[in-house]
Every structure is written in structure tokens, then in C-alpha cells.
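Keep in mind that what you see is a predicted model, and the values were worked out from it rather than measured. Numbering of ligands and ligand atoms starts at 1, following listing order.
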Amino acid sequence: MMRRCIALLLAFGSWRASAQVDSVVRDGRLSGWELQTRSGVYQIALTGQGEVVPVYYGPRAHAGWLSAQDRARGNGPFVLDEVPVRGKYADKVPVLEVVFADHTRDCELGFVSAAIEDVENRKTLHIIQRDKYYPLVVESFIRVLPEYDMMEKWIRVRNDGKKEVIKVENLQSGSILLPPDRYFLVQHSGRWADEFQLRKSELVSGVRTLQSRDFYSFENTPWFCITPQEGDDLKECNVWFGQVHYSGNWRIDIESTHSGHVQVAGGINFWDTQWELTAGESYTTPRMSIGFTEKGTDEAARLTSSYIRREILRPSTREKLRPVLYNSWYATGFNVNEENQLRLAKEAKELGVELFVIDDGWFKGRKDDHAGLGDWLADPEKFPAGLDPLIKKVNDMGMEFGIWVEPEMVNTNSDLFRAHPDWALYYPTRSRTEWRNQLTLNLAREDVYQYLLKAMTRLLGEHAIKFIKWDRNRGITEPGWASAPETVQREVRLLYIKNLYRLIDELRQRFPDVAFENCSSGGGRPDPGMLSRMDQTWTSDNTHPLDRLFIQYGYLSAYPANTMVCWTTDYDAGIINLPLEYIFDVAMQGVLGIGDNIARWTDAQKAVAKRKIAEYKDIRRVVQQGDLYRLRSPFGGQRVALQYVARDTSASVLFCYTMGPAPEGSTEETRRSRQLLLEGLDRAATYSVGKDSFSGAYLMTVGIPWPVGRPYRSVVIQIKKQ
Ligand code: DGJ
């Protein structure tokens, strides 16, 4: 046995079990790298010909794989480069496509060096390759985050030449290769008011592309989950998952081959885009986070949520509990004024609201969606003395004040457009799409950037505003920038997002105690690029509680609960007439908000709301910061259950809903599911559940009877360690 261990150690050379990234040295020479997370291993080989080739990504059980098999180029059944380029066989998805000054369109990379470095306090493998004949340096980075079973990949390219330009036609963040198997893809599918619907489909030979070409991510989001398991019960199975951290056009290509291999490549979508890399210039992609777990899709969602909550959200606010907010949109629409907002604010305060947000309609000329965008000053008719008297009264009541803005847009009926018609994106020779009667400002322009920085700085600097809801209500069309040089015109989409990020980052720097909410006609721009800048996301304009059960379940597959804003509204009035308790119980799954016209509420409604808001404040730390176990999916039947568990397992909150009539024993679902098994608790501890006490082990193996007796009813159960 001892002899075998020594032999293995020799085979691995410098490999150490505790290392997260290490070089693999065999026969005295570098033969690859191994990156380890809690349950996954990613192995890359360096071939004798100096090629860098991923050879394995999957369960740790196969950690000896690299030394056991020689997968040097040509010896294996499927070979892919770590940075697949356009060049040689075009049978893989390239993450790099360039054109050199002499019009050569192929690339051929050779290994230069590699180092294990510290990037933001994490071990990061940094591999440098170089085109064998042209001055292009390609650096790939893999940063390991073992406790989330994740790594981040990104690429930096540099033109190392003296004077000639290299045209970049495609540059993505990275690619991975899955071992051969039969695979299924879980993805978001959706549209406005129907976001984050989970869809599962088999991956058969060919390429599946999830993408955005108009800066909207309604149809798909930049998130994927791949599993070899066909059924819906995905608790114990291998899952590869990830997201692109980018808010403009992105793409994820999933290529499946007849052999069963799957390549996943993701990053910026260079559709309609090209970047001129001048001599000496570098370009760095956004990151793509990629994870692997053996514990199923729900664990993948927990890992992703923890990762976003603890690594992506801005450090100063990531642990801060999100306040209960009121938003005026569904109550007063564009018709906001000091008097009606004050009336709503007084009611909101009585109910327990902590943040009062005035939505669209407050600025100059904004009577409806035909005018005003671009002119970020209070409308003198609606607010004759400006915003300050309202803000002061709201603050005096003990609430913070927040406001809606849509900085990236302009109405043609605005002072801004009249003064600068060339600041919007369109082609002067073509008709222009005025979607919701507005155009997109060309944020790629420095003067537009400076104008918006000034306008937002004035708004936030001159008023006691502590919360910004940053909306964006149309996608990009006709991205014309007639006055720019031809090459820059093809860079407009990239420059736009660069300046958008720069603008938000600068505002956050200037106003560190202002919270930001991300909105794009509802949930049209959800991605870690935005989440690294904004504290929370408006999930959907659809606030019907039954629809919300699906939308929120889907959202929680990829993003944490403390970013998911949910309002109670009267969306359901006259449809099913769900009890107000139910409406609250759905909205309490994330960051609770009230969007109703509460000035019209009866005393009975107010009493329910007051009680529910108090209950939410009691459980919100567990909801916003805990681990979520999704026990019953709305996509699987009429009974839905979500259980949040505090990180230290001291408390848990269980939400259960019925979505319609499903008498006991009437369906496979109700026959199977009389008992509800809890998860994530401390097995040895005793927990109180209402008036009863049970051990954690009992709750997780025997469970509790399904607690909701009637259709369209819900319960929230607090579970506490004794
Ligand atoms: C779309 C958002 O999703 C709504 O909540 C609201 O803010 C409107 N825009 C306002 O125009």
C-alpha cells in the first residue's frame, strides 16, 4: 500500500491534495495543471507540441485521471484547446477569431509560460500563449473558488506588434469540455412579464446558442445548467452550471457531438461587432463563472446564490438587510405629485414600510411615456417646490426616500433631444424604431457619459435620495453613430457597456450610501455584471402571485433571494381573488415591497399587511441571507414549497402554497407527497415547529404532513433550533 502511495505521488510530482491549483509534473517536466474545488476537478494538459488542452472536468473521484491516461493531442477521441481559436479544423466553437494586418484569418497558439498567481485573494492559473507567427499574445485566467465549487474564466489578448492593427471578430471569456455522456440543458426561457421560466431539453448533436443581440435578456438569460439526468428530481446528480458576467450582448454556445462530448463556450456576443486592437493595446473579456457539483440542480442554485451574495454583490452592502419598500408605479402610474405621494407615504409608514420609492412620472414634461426622458429635473407642475418638501416629509416619518430613473434613454420630446439629436443611436438614412416612444442614448460617446454623470450627480447630490431604481425600457435597435470613424462604429455596443459600467461605478463611488435597484422593463437585464453594481433586481412587471411562483422559482435558480424584489399588488383582483395573506406569502420569498394603491385599502387589508410586514421583518435575515432548499417546484405540480435555512442552521422558514385544487390521493403528486421532508437542518438538534418539537433528523427523514389544506392557500412556518 505504502509503495503504491509513493508511486502515485511520484506520478503527480508537485500535486498536493490540499492545493486548489497546481502544476502537474511528470518525468521531470511540466505536463499540465489541476484545479480543484470541493467536489470537482478541472485538468489541463500541456502536450509535447506545446498545446494547452483541457482533458477532464468532473467529479473529484477521477482526480488521478490525468496521470493515468495520456490525452496528448491526437491520442484522445476528442481534442479541444483551452482557448479554441479560428484556425486549423473548424470543428469546435472558437472563443477567439482575429484578422491580422495581412488579412490572415487563422490563428495558431503555442505555449509560452504559466504561473499560479493571486488575483483578488484567490489562486489563479494564468497561462500565456502566443501566436506562432504573428504578434498576438493570449492570456487565459482561471480563478478558483473552491467553497462554491466554482471557477471564473476570462481572457486577455494583447497586440504585441509595433504598428499594425489586429481585428478582433470574436473574443469570449472561455470554454469548458464535459466528459462524454447523454446530457440535458436547463435554461431560462421567457419574455416580458413571463421571465425566468425553467425549460429542460436534451442536448443532441449540434450547437445550441443562448444569446442576446439587443441588450435584452428576456428570451434567455446568460445562465446555463447541464446535467446527465433526465427526470425532474435532481438532488443527486452531476451538474455543470455557469453564467456570463455581462449586461450587453452575450452568448453561450453549447456544442454536443455524436461522441457525447459537450463544449460550452461563453462571453460577449460579437455579433455586429468588431474591435480594433492597436499596437500595444490589450482587451480583457468579462468573466464567466463555471461550477460543478455532484449534488444536483438545487445545490447548484445554492452554490450560485452564495457565490453571488458573498463574492459578486458589492462588499459594503452584501450583508445589509434589504428594507421593506413601497413603490408608487401600480398605484399612481405617471400621475405622481406631492399630494398623492404623501398620502401613500403616510399609509406605507403605518404598515411598516422602511423605504418609499417614487416611480416614473416625477420629472419635467412626463405626463405619459411620450415625453421627458433625458431631462432629470422635477416637473414644476407636479412638484412646484421641487422634490425636497416630499423627501423631507418622508424622512421625517422615519422612511428613506428612493426615486426611479431611466438614464440610458431619451424621448424625442425632451429638451435633451432637442439640443442634441445626435446623442441618440440611429442611422440618419433609415427609419428609427421608437420603442415606447423613446430612443437609446449613445452612451459610447464621452459627452453623453459626462452629461449623465452630471445629471445623476446633481439628482443624488442635491437631494436626500438613498435609493435609485435604474430602469431601461427598450432594447437596442439601429445602433448607428454616424459621426464616428468607421472602425469605432463597429465598437459601439462594447463601448456602450463599458461606459454604462463606468457610470454606475463612478456614481457608487460618489454616493456610497445610495442603494441601487436594477430594472429593465421588469427582469430584462439580470446578470452578475449588473449584480456586481446593483444591490437588487426588479424581477418582473407581472405581479400575479401564481405567475410569480414560477418566475421567482426560476429566478432563484441563478440569483440569490436578497436580490429578488417582489411586490404585493392587486394584479389578481377579479381573477382568482387570492387572499391578501397568499399575496404577501409569495412576495416574502425575496425582498418584500408593496405596490398597491394602499390609500384605497380597507382597515381589514391594512391589518393583514401590518401583520405580514412584521412577520417578514422577523424572518427576513433567514430569507435574504440563508440557504434556500426548493422542496417542491411549481413546474412539477400544484404544491410548492421553499425552505430557507440560516447559515448556522439555527433557524429555518418554510413557505408552502397550493396553486389549485389537488385533493389527497387524486394525483400522483398528492399520493407521493403527503409528507414534506425538510432539508439543510442540523440532524442532531431539536427544532420547534409551531407548538411541536422534532429532531432535525426526523424533519429530514420523516418530515411533516403537507401543511396546506385548501386550494389557493399558503402558510409560512418558522422553525427554530431549541
Ligand atoms: C418598467 C418597470 O418594470 C416598472 O416597474 C416601472 O418602473 C415602469 N417601467 C415605469 O415606466
Side-chain angles (χ1 to χ4, degrees), residues 190-196 214-218 221 247 322 325-337 340-341 344 348 355-376 378-379 382 401-411 413-414 434-441 459 465 467-475 515-527 530 534-545 547-548 551-552 555 559 563-571 587 590-598:
R191 59 178 174 196
W192 175 77
D194 197 17
E195 296 91 335
F196 309 114
D214 59 1
F215 285 22
Y216 257 146
S217 294
F218 278 122
T221 66
S247 320
R322 296 347 185 201
L325 66 82
Y326 180 83
N327 180 291
S328 67
W329 179 241
Y330 285 118
T332 43
F334 295 104
N335 180 30
V336 294
N337 57 46
N340 65 18
Q341 296 309 294
L344 290 167
L355 165 68
F356 183 84
V357 184
I358 172 169
D359 207 281
D360 199 349
W362 60 269
F363 46 97
K364 205 166 154 239
R366 188 72 165 171
K367 291 193 172 50
D368 53 33
D369 60 17
H370 286 79
L373 290 175
D375 302 340
W376 299 109
D379 184 82
K382 295 175 178 177
F401 184 84
I403 204 159
W404 177 96
V405 289
E406 194 178 0
E408 298 158 72
M409 297 293 151
V410 66
N411 285 118
N413 186 3
S414 66
E434 292 190 22
W435 190 340
R436 212 193 189 210
N437 310 302
Q438 63 198 50
L439 293 170
T440 306
L441 282 174
L459 183 66
I465 294 172
F467 176 95
I468 282 283
K469 177 178 173 188
W470 187 296
D471 202 349
R472 193 266 320 242
N473 282 300
R474 59 160 292 167
F516 283 75
E517 182 170 291
N518 170 30
C519 174
S520 181
S521 316
R525 190 160 57 180
D527 66 84
M530 265 315 179
M534 306 243 171
D535 306 287
Q536 56 194 47
T537 303
W538 174 229
T539 321
S540 175
D541 281 347
N542 182 345
T543 52
H544 190 281
D547 291 337
R548 273 291 182 140
I551 292 169
Q552 294 177 187
Y555 181 93
Y559 318 104
T563 67
M564 183 176 78
V565 182
C566 321
W567 309 337
T568 66
T569 68
D570 65 354
Y571 215 92
V591 178
L592 177 64
I594 318 293
D596 291 284
N597 192 341
I598 47 180

Might you confirm whether atom CZ of Arg436 has over 12 heavy atoms from other residues, nucleotides or ligands at distances under 6.0 Å?
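Result for CZ/Arg436: enclosed.
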
Can we call the ring centroids of Trp435 and Phe215 under 6.0 Å apart?
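For Trp435 and Phe215, the ring centres are not under 6.0 Å apart.
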
Side chains of Tyr330 and Asp541, heavy atoms from C-beta outward: is any pair under 4.5 Å?
yes

Best match, Asn542, Leu373, Asp471, Asp359: closest heavy atom to atom 9 (N) of ligand 1
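The residue whose heavy atom sits nearest atom 9 (N) of ligand 1 is Asp471.
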
Between the side chains of Asp368 and His370, does any donor sit under 3.5 Å from an acceptor?
yes

List every atom of ligand 1 that sits less than 4.0 Å from any heavy atom of [X], numbering the atoms from 1 in the order shown and giving each element.
X: Cys519; answer: 2 (C), 3 (O)
X: Gly522; answer: 3 (O)
X: Trp538; answer: 3 (O), 5 (O)

In the protein, which heavy atom is nearest to atom 3 (O) of ligand 1, and how far is it?
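Going atom by atom, the protein heavy atom closest to atom 3 (O) of ligand 1 ends up being Asp541 OD1, 2.5 Å.
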
What residue and atom, counting heavy atoms only, is the protein's closest point to atom 5 (O) of ligand 1, and at what distance?
Lys469 NZ, 2.8 Å

Side chain or backbone of Glu406 under 4.0 Å from ligand 1, or both, or neither, by non-hydrogen atoms?
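Glu406 to ligand 1: no contact under 4.0 Å from either part.
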
Less than 3.5 Å between some nitrogen or oxygen of Arg366 and one of ligand 1, yes or no?
no

